[in-house]
Amino acid sequence: GENVEQHPSTLSVQEGDSAVIKCTYSDSASNYFPWYKQELGKRPQLIIDIRSNVGEKKDQRIAVTLNKTAKHFSLHITETQPEDSAVYFCAAWTVNQGAQKLVFGQGTRLTINP
Amino acid sequence: DTGVSQNPRHKITKRGQNVTFRCDPISEHNRLYWYRQTLGQGPEFLTYFQNEAQLEKSRLLSDRFSAERPKGSFSTLEIQRTEQGDSAMYLCASSLTRRSGANVLTFGAGSRLTVL
C-alpha cells in the first residue's frame, strides 16, 4: 500500500524567513497531494493541494511543488509569520483495489520565532 | 450546515466499556471517512463509506470496532470493550466524489477518547 514519508519532524525558523517541508510517496498511481495545517486542539485544515498534471501551484505565501518521477512533493512557505506556527501534514491520494483514501505523512511541527 | 460535525468532542471511559462517536458530514457529500490520530502522528485511515456502503476497512480496525452509515448521511463509530491503546483522537472527514477520482476531504474537529 501507499507509504508517505515526511521530513523534517520539527522545523524552527525566524519570522520572515522561508520554511520548506518535504514528502515522498511510494504509489506511482497517486494523483492528488494535499497539505493540511493543524493548530493545537483544532481540526486539520486544507491549505493547498496539487494534482499530478501540474508541477507547481502557488497561493500567496504558500507554494507546493511536485516531482512525479522522483515521487516527492514539497511545501514552501515564504515570509513566515507567527500565525504559521502549527503542525503541517502532507498526504497522497491512493487507489488500492478500487478503494480510495488519503494517506498522511507523520507531520512537521513548524515554529516561527519572532 | 457549515462543516463536518462530530460528537461528543471528548469522552473519558473506563477500560472495557463501549463508546460510540457520531459524525454528521457536509450534507451534499457522499463519502465519509474515519481516521484515528494519536499525539504527534498523522491521521491514520480506519474506514470509509460511499453513501451507505462501507468500501474499505483498515487492518487497524479490529473486530472491536464497527462503523455504520445507515442512511448515507450521518455515521457512527463504535468501539467495544475499550482498551487503553484505543485512546486517541477520532477524526471524521467527508467529501464529494469527483469524476477524476481524488477527493478534497473536509475534516471535523474530532472526538477525543481517553480510556482509563
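Numbers restart at 1 for each chain; the letters A, B, ... are given by sequence-line order, proteins then strands. Predicted model only: the values in this text are computed from it and were never measured.
- There is no contact between Gln45(A) and chain B, counting heavy-atom distances below 4.5 Å.
- With a 4.5 angstrom heavy-atom cutoff, Arg9(B) touches chain A only via side-chain atoms.
- Within the model, atoms CZ of Phe104(A) and CG of Leu105(B) stand 6.5 Å from one another, a figure rounded to the nearest 0.5 Å.
- Environment of CD in Glu83(A): crowded, with over 12 heavy atoms of neighbouring residues, nucleotides or ligands closer than 6.0 Å.
- Residues Val115(B) and Met89(B) fall into different hydrophobic clusters, defined by Ile, Leu, Val, Met, Phe, Trp and Tyr side chains chained together at heavy-atom separations under 4.5 Å.
- Closest heavy-atom contact between Phe89(A) and Gln37(B): CZ-NE2, 3.3 Å.
- To the nearest 0.5 Å, the span separating CZ on Phe107(B) from CG on Leu102(A) amounts to 6.5 Å.
- In the hydrophobic clustering of this structure, Val87(A) does not group with Leu11(A); members are Ile, Leu, Val, Met, Phe, Trp, Tyr whose side-chain heavy atoms approach within less than 4.5 Å, directly or through other members.
- Heavy-atom neighbours of Ile12(B) CD1 from other residues, nucleotides or ligands within 6.0 Å: at or below the threshold of 12.
- A donor and an acceptor atom, one from each side chain of Gln100(A) and Arg31(B), are located under 3.5 Å apart.
- Counting heavy-atom neighbours within 6.0 Å of Arg15(B) CZ, excluding the residue itself, gives a total of 12 or less.
- With a 4.5 Å cut-off on non-hydrogen atoms, Gln50(B) does not touch chain A at all.
- By the 6.0 Å contact criterion, CD on Glu15(A) is enclosed, its count of non-hydrogen atoms from other residues, nucleotides or ligands being greater than 12.
- Nearest approach of Pro44(A) to Gly108(B), heavy atoms of both residues: CD-O, 4.4 Å.
- When all heavy atoms are compared, the tightest approach of Arg51(A) to Val104(B) is NH2-CG2, 3.9 Å.
- Without hydrogens or angle criteria, Tyr33(B) side chain to Lys101(A) main chain gives no donor-acceptor distance under 3.5 Å.
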